[in-house]
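What follows is a single structure, written as structure tokens, with notes after it.
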Amino acid sequence: MKNCFCYNIAERRSFDLFRVCLLFMMRRSASASKKRGQTNSTNPIPYSPSDLFRSASSKASSKEMERIDNQFYFYANRSSGMIDPEGIETLCSDMEVDHTDVRILMLAWKMKAERQGYFTLEEWRRGLKALRADTVSKLKKALPELEKEVRRPSNFEDFYSYSFCYCLTEEKQKSIDIESICQLLDLVLGSLFRAQVDYFIEYLKIQSDYKVINLDQWMGFFRFCNEINFPDLCNYNPDLAWPLILDNFVEWMQAKQS
Amino acid sequence: MGGSLYQRIEKECEEHISAALRSLVGQSPDLVVFLSLVEKCWQDLCDQMLMIRGIALFLDRTYVKQNSNVRSLWDMGLQLFRKHLSLAPEVEHKTVTGLLRMIESERLGEAVDRTLLNHLLKMFTALGIYSESFEKPFLECTSEFYAAEGMKYMQQSDVPDYLKHVEMRLHEENERCFLYLDAITRKPLIATAERQLLESHIPAILDKGFMTLMDGHRIEDLQRMYSLFSRASLDSVLEESFSKNEAFCNTIKDSFEHLINLRQNRPAELIAKFLDEKLRAGNKGISEEELEGTLDKVLVLFRFIQGKDVFEAFYKKDLAKRLLLGKSASIDAEKSMISKLKTECGSQFTNKLEGMFKDIELSKEINESFKQSSQARMKLPSGIEMSVHVLTTGYWPTYPPMDVRLPHELNVYQDIFKEFYLSKYSGRRLMWQNSLGHCVLKADFPKGKKELAVSLFQTVVLMLFNDAQKLSFLDIKDSTGIEDKELRRTLQSLACGKVRVLQKFPKGRDVEDDDSFIFNEGFTAPLYRIKVNAIQMKETVEENTSTTERVFQDRQYQVDAAIVRIMKTRKVLSHTLLITELFQQLKFPIKPADLKKRIESLIDREYLERDKNNPQIYNYLA
């Protein structure tokens, strides 16, 4: 079964710990040498790309950034330099949140993560900085607030559209298969529009006109949930510009109801 | 004196009339008997008033005339009767009920006393209460009666019988108006009956029976349907010239058009096929006049087809075959049909068809000069006659490319012609359409020489047997390169039909993979020249479906092009306005849902987008 976060459960590798220690020691020595070589506190001599970034950012304290980065490297894959599905799994387990939980998707949104199942350093920094979390425990504590923020009407549409795009894994991919869409709908809209989502998912599984859903149809459904009375559907007008799949859905609903 | 006499007469009459009417109250439970009593009462009144008037004539002519507010004696009698009738409402009511009951019985087949009805209804009219007291409840009753009957009969009988019944009923009601009902009732009565028996059942009638009647050429029944329907509700355009028509029925514009197009593209296809049969050679005994007449009748139906592009595709396909295989019965008839279509649909519709004729004419000239050309005279072996139809792509239907490995000689001949043609028309590209080619082969059978008229594919197969006695299906397939299905058809036509130039082993109708073929040594036939290429004229199911599909595909392109064109001009347009524009521009039937599909496809391909602020609006994306 394919879920939104398409990666396999992997065992934590034992050398993770070793890797972290190694990195930690490297950082320590680097910052020590930095302290020694420093002549001007406002112009530190940059000796790694991450330090360039650090010097450019003005708001976060360097301690905070350091902790954020440490957290990143704790979960990141050594060779790719990114947090991969495995790492996310670990992160989720540490936060005691299921990796299929919608809050992880919300976290990805906050980070503006581009690739499903992966977090880059930049994305990680962006997200954690915005959430003011420099440790995993703080991150966990920030989740309820994040959820509230996402559910605000001004943000939710953006989150809704983001969640679709986040699932486009192949390069030129523009649509998502029905099975994945059903899961995504349930995850993202289920709590808000239970009835609409349940019926629409049922319909999607029976119909044969469409094998994939594109962004236009995805957004159309959101508008549908917000604007159309359910389940009486009295204010739905198929002569308007609703996507055809919704016209068909409404027809199916009305046939069921009569 | 006149006044007091008048008053005394009035008083006497009133006493008498009121007593007479009162005596009717409670009389006879049997309605018919009651009605007779009422009739007698009325009759008596009339007789008596006439007598009184006769006696007091002088009074009528002087006193009454001199006093405008005084009624004539006759009118006075009527008025008194009316007054006391209204004072005894149960009498009036019972009378009306009785009358309605009688009429219902008559409708149900019983014989009733029509004279009684006649007199009583005249009474109502004379009393001035006909419309209110009788006609209104009568029409309601009629409505209920025929509503129930209509439903019952629709379920029980088939459409032709139902229509016969309706016709009978309407006739009956009409008669009723002559026999006892007042003339003013005719119109509303017929309208009521028609409404209940016909109008409410039109969809069901058309649904159930129309196609059966059409398919069975039930002219009389269709005529009945037409005449009933046209009276009932729709504009009746009486087409006298078709009212006794043999081949095609009368048309009821709206419902007919609806119906004919319900079956999607089938009518278009069938009409084209009908025309093909008529225009093909081999129609014995049809005079030119008759053919013209038939063509005109076809045009009547043609007017109702909505998807005329489907008709054009099929007509073109069939016309091409007729022209290329020389199967037209008469070029004049062909041209006459084209000009009829041109008048009907405009020149754009027939441009390509006319182009086809031009190509045929031109090809004749080209062939003439080819014969005289140096290439032909020097390179073409004597005894080989070759003629080529040069077709302008775009006028003719598109033929799927059919590869075939021609025998060497045929390749040479094709090249010779090509050289000649390109010397005359440089810069053109010739593509050989092998599926349309046909040849006459000279065959040496032990039992006699023959000439075989064969298709090019048949030729290619047969010529293999110049060098081999026996060949397997797979051998033939390899050597000729003919596509599998086509090859099987070709071999079937040579070895399994009436004319067996080849023999197949093992015997059987269908060509299987491990069959083999040998040259039929023992072949005989009565004629010298034998046609074996009849299969070229036949159409395959695949051909038909692909023709229709191509039309629908073409429509899709047209819709897309129209959407892009409109959006490019308008830049920003609402959904409803776009749909309206499209319906105005597109000349074939299309559903709004299909238009939505194309719009969504164009959104997907990023030709347009939904406006971010208003999802009802589309923006053109340059």
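Letters A, B, ... mirror the listed sequences (proteins, then strands); counts begin at 1.
Using a 4.5 Å cut-off between heavy atoms, B:Pro592 makes no contact with chain A at all. Residue A:Asp239 touches chain B through its backbone alone, counting heavy-atom pairs closer than 4.5 Å. Looking at B:Glu600, only its side chain comes within 4.5 Å of chain A, counting heavy atoms on both sides.
The number of heavy atoms from other shown groups lying within 6.0 Å of OH (A:Tyr199) does not exceed 12. Remark: B:Lys571 NZ is packed, more than 12 non-hydrogen atoms of other residues, nucleotides or ligands lying under 6.0 Å away. Within 6.0 Å of NZ in B:Lys352 there are 12 or fewer heavy atoms belonging to other residues, nucleotides or ligands. In this structure, A:Glu202 places its CD atom where more than 12 heavy-atom neighbours from other residues, nucleotides or ligands lie under 6.0 Å away. The environment of CZ in A:Arg132 is sparse: at most 12 heavy-atom neighbours from other residues, nucleotides or ligands sit within 6.0 Å. The local environment of OH in B:Tyr399 is crowded, with over 12 non-hydrogen atoms from other residues, nucleotides or ligands closer than 6.0 Å. In this structure, A:Lys112 places its NZ atom where only 12 or fewer heavy-atom neighbours from other residues, nucleotides or ligands lie under 6.0 Å away.
Between B:Glu606 and A:Lys174 there is a side-chain heavy-atom pair separated by less than 4.5 Å. Residues B:Lys597 and A:Pro243 are not in side-chain contact: their nearest non-hydrogen atoms beyond the backbone lie 4.5 Å or more apart. Proximity of B:Asp604 to A:Asp216: side-chain heavy atoms (C-beta onward) are nowhere separated by under 4.5 Å.
Chain B forms more heavy-atom pairs under 4.5 Å with one residue of A:Leu215, A:Asn214, A:Leu244 than with any other, namely A:Leu244.
Of all non-hydrogen atoms in B:Gln616 and A:Ala241, the two that sit nearest each other are OE1-N, 2.9 Å.
Without hydrogens or angle criteria, B:Lys596 side chain to A:Leu240 main chain gives a donor-acceptor distance under 3.5 Å.
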